[in-house]
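Let me begin by presenting the structure, written as structure tokens, before commenting on it.
Residue numbering restarts at 1 for every chain, and letters A, B, ... go by the order of the sequence lines. Just the heavy atoms: all of them, side chains too, but no hydrogens, waters or symmetry mates, feed the values below.
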Protein chains: 2
Amino acid sequence: MSNPTGLTPLRERLRTTVRSDLARVAVEMFLEHGFDTTTVDAIAAAAGVSRSTFFRYFPTKEDAVLAQIEARGEQFREAALVRAADEPPLLAARNALTPLIEDMGRNRERSIAVIRLIEQTPSLRARRIDKQHVLRAMLTEVMASRMATDPANDLRPALIAGVTLSMFDTAQTAWLKAGGEASLSDLVDEAFATIGREFAAVNAQA
Amino acid sequence: MSNPTGLTPLRERLRTTVRSDLARVAVEMFLEHGFDTTTVDAIAAAAGVSRSTFFRYFPTKEDAVLAQIEARGEQFREAALVRAADEPPLLAARNALTPLIEDMGRNRERSIAVIRLIEQTPSLRARRIDKQHVLRAMLTEVMASRMATDPANDLRPALIAGVTLSMFDTAQTAWLKAGGEASLSDLVDEAFATIGREFAAVNAQA
DNA sequence: AGCGAGATGAAACTCAGTTTCATTGACGGT
DNA sequence: ACCGTCAATGAAACTGAGTTTCATCTCGCT
């Protein structure tokens, strides 16, 4: 190893710091003044760097807000990988959401404020959903490997991933509407149970 | 009435023509040269209008491509409204997709080319999904009224809408991957059946 | 014929995002 | 301690999307 001390090099630490500073400052300014009226120049100035530097850390203004979502994606992936192999796939997908849900419960106000900001801003809304698609692709992969199947031929992994995230999204919207009062975890469980009954109704008909 | 002839006024017909011309020209140019490298100036020039006029008809460059999706949204809404009241809600939602599916089958190559263009272009992808959210809200409303319930308290309409569109999306992706060879309608049916079995597996476990 | 309004074009402007280049300062090796 | 390398930064010029303002034109009505 070229680094005998074993410590993270200064450069790398600095990079991480600058990046999180930029994201934090950006979100604060967006929450206070709105997304569109806050320019990249202003964010960079407030964070004490140049405009150029901002774009070196985030490809777009939107990404400064959505960076944290990607971080949660990795957390989600790990949770999905450790679920017991004998759980029905759909249940495993639901349970992989748990750490994410707990995280959102801990930072309730901040989570809600950011989600509201995203919902109100078309460009943020659009790009957030795009990131969720990446999340879905990831979950599809994990599901495929746990089900020992090929997602190119077998639609099940993609369907389970899509439906799971769709239900989570609906539950999250309901949670938001209630101002975060209800338990998000309970709402997700309710969503799964509800759709389960709807499918049962269709099958009974057939 | 200020129009004794009963005919659509010339102005209005002209507006519609200009709008569809712009959309057609834009999509053609995007398909040939790519989305990012085609400027609004070039589109406007090719359609014989000014840059200003383009932005009077479409708020963004993306909307010139996605306009047709909104048109299909209305078609979908009408189909959902006429489904028999005694169909299970989830089945009614699935069947409301039929006219849309048939439409896509008729314009197979064009549909596939446009969808591929959208998938390849981040900004188009993002905004398309945003439009799908509008679609989901609409379907939620229709489902709520047919189920005679309030979507603010009852999650079922939103869940059914979300899950239905998610499955349609997955089926569409599979259809695309097969180059439109398979029957999209069959793929959608397969998706519903598959997820139905997955929920049955979870319920059996419990 | 002439008036009012909707539709257009032209031009200037803001800002996001890209590209290029010069400067700085941390790091490894001498 | 000194030096060459290279990653990180800042500055500046550029492209193109989207907005705003204003002048012009032409359709539809009186």
Side-chain angles (χ1 to χ4, degrees), chain A residues 1-23 25-26 29-30 33-67 121-127 130, chain B residues 1-23 25-26 29-30 33-67 121-127 130:
Chain A
M1 181 181 287
S2 58
N3 189 344
T5 70
L7 289 173
T8 310
L10 180 56
R11 280 207 182 144
E12 198 171 322
R13 270 180 295 164
L14 210 61
R15 264 196 80 79
T16 310
T17 307
V18 171
R19 188 180 158 89
S20 64
D21 279 359
L22 274 171
V25 169
M29 294 178 78
F30 291 153
H33 306 106
F35 183 80
D36 291 324
T37 54
T38 306
T39 67
V40 172
D41 274 305
I43 298 166
V49 298
S50 77
R51 199 183 115 80
S52 306
T53 297
F54 178 92
F55 282 112
R56 283 204 183 86
Y57 285 94
F58 300 105
T60 71
K61 207 167 87 166
E62 285 80 11
D63 285 272
V65 181
L66 302 175
T121 313
S123 63
L124 278 176
R125 208 169 47 210
R127 214 172 271 265
D130 202 42
Chain B
M1 181 181 283
S2 59
N3 188 345
T5 71
L7 290 173
T8 310
L10 179 57
R11 284 220 174 129
E12 196 172 324
R13 270 180 296 164
L14 210 61
R15 266 196 78 82
T16 310
T17 306
V18 172
R19 187 180 158 88
S20 63
D21 280 0
L22 274 171
V25 168
M29 294 179 76
F30 292 154
H33 304 108
F35 183 79
D36 291 323
T37 55
T38 307
T39 68
V40 171
D41 274 304
I43 299 166
V49 298
S50 75
R51 199 183 113 84
S52 306
T53 297
F54 178 92
F55 283 112
R56 284 203 184 87
Y57 285 93
F58 301 104
T60 72
K61 207 167 87 167
E62 285 80 10
D63 285 272
V65 181
L66 302 175
T121 313
S123 64
L124 278 175
R125 207 169 47 210
R127 214 172 273 265
D130 202 44

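- Minimum heavy-atom separation, A:Arg125 to B:Asp130: NE-OD1, 2.9 Å.
- Between the CZ atom of A:Arg51 and the P atom of D:dA11 there is a distance of 12 Å, given to the nearest Å.
- Atom CZ of B:Phe30 and atom C1' of D:dG16 are 13 Å apart (whole Å).
- Counting to the nearest Å, the P atom of C:dC15 and the CZ atom of A:Phe54 are 15 Å from each other.
- In this structure, A:Leu22 places its CG atom 14 Å from P of D:dA8, rounding to the nearest Å.
- Between B:Glu62 and B:Arg56, the residue anchored closer to the 5' end of DNA chain D is B:Glu62, taking for each the nucleotide with the nearest heavy atom.
- Note that the CZ atom of B:Phe54 and the NZ atom of B:Lys61 stand 8.0 Å from one another [nearest 0.5 Å].
- How far OG1 of B:Thr39 is from CE of B:Met29: 7.0 Å, rounded to the nearest 0.5 Å.
- Residue-to-nucleotide proximity on DNA chain C shows that, of B:Gly48 and A:Thr37, the 5′-proximal contact is made by B:Gly48.
- Within 4.0 Å of B:Tyr57, counting heavy atoms only, lie sugar-phosphate atoms of the nucleic acid but no base atom.
- Across all strands shown, A:Thr38 has heavy atoms under 4.0 Å from sugar-phosphate atoms exclusively, and none from any base.
- Rounding to the nearest 0.5 angstrom, the gap separating the CG atom in B:Leu22 from the CZ atom in B:Arg56 is 12.0 Å.
- Among C:dA16, C:dG9, C:dG17, the nucleotide with an atom closest to any side-chain atom of B:Thr53 is C:dG9.
- Put simply, CZ on B:Phe58 is 15 Å from P on D:dA17, counting in whole angstrom units.
- Checking D:dA11, C:dG17, C:dG9 against every side-chain atom of A:Lys61, the shortest atom distance belongs to C:dG17.
- Interface remark: the A:Ser52 side chain does form a donor-acceptor pair with the D:dA11 base, using a distance-only criterion of under 3.5 Å.
- Between the CZ atom of A:Arg127 and the P atom of C:dG17 there is a distance of 7 Å, given to the nearest Å.
- Rounding to whole angstrom units, CG of residue A:Asp36 and P of D:dA17 are separated by 18 Å.
- Listed nucleotides: C:dC15, C:dG17, D:dG18. Nearest to the side chain of B:Phe55: D:dG18.
- Atom CG of A:Leu124 is separated from atom CZ of A:Phe30 by 7.0 Å, given to the nearest 0.5 angstrom.
- Not one side-chain nitrogen or oxygen of A:Ser50 sits closer than 4.0 Å to the OP1 or OP2 atom of D:dA11.
- Rounded to whole angstrom, the span from the CG atom of A:Asp21 across to the P atom of D:dA8 amounts to 16 Å.
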